[in-house]
There are 2 protein chains.
Amino acid sequence: MKKKSIEVNNPLDKWREQLRRGGLELAILLSVSSTSRYGLEIIRYLQESTDLVVTEGTIYPILGRLTRSGVVEAEWVSDETPHPRKYYRLSQRGRKHLDEMLDHWNAYRGKIDHLVETAGRI
Amino acid sequence: MKKKSIEVNNPLDKWREQLRRGGLELAILLSVSSTSRYGLEIIRYLQESTDLVVTEGTIYPILGRLTRSGVVEAEWVSDETPHPRKYYRLSQRGRKHLDEMLDHWNAYRGKIDHLVETAGRI
DNA sequence: CGTATATACCTTGTGACGCAAGATATAATG
DNA sequence: CATTATATCTTGCGTCACAAGGTATATACG
């Protein structure tokens, strides 16, 4: 199986990478906020619904970190699927965490947009 | 003189850091897009107009990189001020660069917001 | 006169983290 | 029985922000 890799050539691409990374954790938490999803499913979900490219080498370490810190809860499901899947869902703590992240996202977005309006065009 | 340092304690703070870094280069370029500004002035400008905290150890390397890649142009001004200042302003290439960044910022913001609306609340 | 503070710039070392590239295991395909 | 697909996980590297230092000059204070 070919693995998707992310092309980073010029400075603009590099910046796009950096911006994408900024919202990565938020995007992942949103993916498991209303439904539980397993690793590859999250990757596909983000790709399909928002064009956000995330690879396995990225998502598994992050999910591990989030599980260890109690923001998400993981559960193995072996029945009914050929391959065992590890389903993640937001914990109660995670819900609070996500709410604060959303507040901050709104504030941050406002700051950048404000900058664009005031400093941006001539 | 006391130097401001950025506190990073809990996972939420860490994430805030990451998000802030994502938009850093955009914020800096916006700061020098309509007027030329010098290093410390950019720091103060961002602080005052948007609450975005940037330190000297962050901004000077970035400005150097942006200058080297031709996105901004730098000019020393020694007259009329007690201390010589290095003024930065967007180059013509930088203008195109910034426009593309703004396009991407709008798209990215839309993607995250879309995620919030579709995946977010129960 | 010294020394403390402010303004201005720059550099070095380190830590954090995404992620490409691997590995493992099982099931279905042909 | 080799290949492809699904599923997870780990290692090692590269990048980059940034704290903590440094230099130089000007003003303020007693």
Side-chain angles (χ1 to χ4, degrees), chain A residues 1-11 13-28 37-46 52-69 74-88, chain B residues 1-11 13-28 37-46 52-69 74-88:
Chain A
M1 178 185 64
K2 259 185 230 169
K3 293 204 177 174
K4 254 170 272 186
S5 63
I6 301 170
E7 289 173 38
V8 180
N9 305 315
N10 54 61
D13 282 341
K14 284 200 175 184
W15 178 71
R16 279 194 258 252
E17 281 310 293
Q18 233 171 323
L19 183 61
R20 202 187 87 259
R21 283 175 199 155
L24 238 185
E25 210 173 295
L26 175 58
I28 292 173
R37 286 191 169 93
Y38 64 95
L40 289 184
E41 193 183 6
I42 297 173
I43 292 176
R44 287 187 217 113
Y45 172 71
L46 290 176
L52 251 44
V53 178
V54 188
T55 61
E56 301 162 39
T58 300
I59 208 168
Y60 286 117
I62 293 180
L63 286 171
R65 197 176 66 217
L66 290 171
T67 307
R68 256 176 277 118
S69 67
E75 187 189 8
W76 279 101
V77 175
S78 305
D79 313 344
E80 298 172 357
T81 55
H83 299 275
R85 295 166 172 174
K86 201 171 181 178
Y87 279 86
Y88 297 89
Chain B
M1 178 185 66
K2 258 185 232 169
K3 295 203 177 177
K4 253 170 271 186
S5 63
I6 301 169
E7 289 174 37
V8 180
N9 305 315
N10 53 61
D13 282 342
K14 283 200 174 184
W15 177 72
R16 278 195 260 252
E17 281 310 294
Q18 233 172 324
L19 184 61
R20 203 187 86 260
R21 282 176 197 156
L24 238 186
E25 210 172 293
L26 175 59
I28 292 173
R37 287 192 167 93
Y38 63 96
L40 289 184
E41 192 183 6
I42 297 173
I43 293 177
R44 287 187 215 113
Y45 172 70
L46 290 176
L52 250 45
V53 178
V54 188
T55 61
E56 300 165 41
T58 299
I59 209 169
Y60 285 118
I62 292 179
L63 285 171
R65 198 176 64 218
L66 290 171
T67 306
R68 257 176 275 119
S69 67
E75 188 190 8
W76 279 101
V77 175
S78 305
D79 314 343
E80 298 172 357
T81 55
H83 300 274
R85 295 167 172 173
K86 201 171 182 178
Y87 279 86
Y88 297 89

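Here is how names work: the chains are called A, B, and so on, in the same order as the sequence lines, proteins then strands, and each is numbered from 1.
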Options [options], nucleotide nearest the side-chain atoms of [X]:
X       : options               : value
B:Arg21 : C:dA8, D:dC18, C:dG18 : D:dC18
A:Arg44 : C:dG18, D:dT6, D:dA26 : D:dT6
A:Arg20 : C:dC19, C:dT7, C:dC17 : C:dC19
B:Leu40 : D:dA19, C:dG18, C:dC9 : C:dC9
B:Lys86 : D:dC16, D:dC9, C:dC9  : C:dC9

*Examine distances only and state if a side-chain atom of A:Trp15 and a backbone atom of B:Gly22 form a donor-acceptor pair shorter than 3.5 Å.*
yes
Take atom [atom1] of [X] and atom [atom2] of [N], then tell me their distance rounded to the nearest Å.
X       : N      : atom1 : atom2 : value
A:Glu25 : C:dC19 : CD    : P     : 13 Å
B:Gln18 : C:dA16 : CD    : P     : 12 Å
A:Tyr88 : D:dA7  : OH    : P     : 13 Å
A:Glu75 : D:dT8  : CD    : P     : 13 Å
B:Glu17 : C:dG15 : CD    : P     : 17 Å
B:Glu56 : C:dT7  : CD    : P     : 11 Å
A:Leu52 : C:dC19 : CG    : P     : 10 Å
B:Tyr87 : C:dA8  : OH    : P     : 8 Å

*Should the pair A:Glu25-A:Arg65 be classified as a salt bridge under the 4.0 Å nitrogen-to-oxygen rule?*
yes
_Tell me whether B:Arg20 is salt-bridged to B:Glu17, with the criterion being a basic N under 4.0 Å from an acidic carboxylate O._
yes
*asked:* Any base atoms under 4.0 Å from A:Trp76, or only sugar-phosphate, or nothing? Heavy atoms, all strands.
replied: sugar-phosphate
*For A:Ala74 and A:Lys86, which heavy atoms make the closest approach, and how far apart are they?*
CB-CE, 3.8 Å
At less than 4.0 Å, is any side-chain N or O atom of [X] found next to OP1 or OP2 of [N]? Yes or no.
X       : N      : result
B:Arg65 : D:dC16 : no
B:Thr55 : D:dC18 : no
A:Thr58 : C:dC19 : yes
A:Tyr60 : D:dT8  : yes

*To the nearest 0.5 Å, tell me how far B:Leu40 CG sits from B:Tyr60 OH.*
4.0 Å
_Most 5' of B:Tyr38 and B:Gly57 on DNA chain C, judged by nearest nucleotide_ = B:Tyr38
*When the nearest nucleotide of DNA chain D is assigned to B:His83 and to A:Arg85 on a heavy-atom basis, which residue is associated with the more 5' position?*
A:Arg85
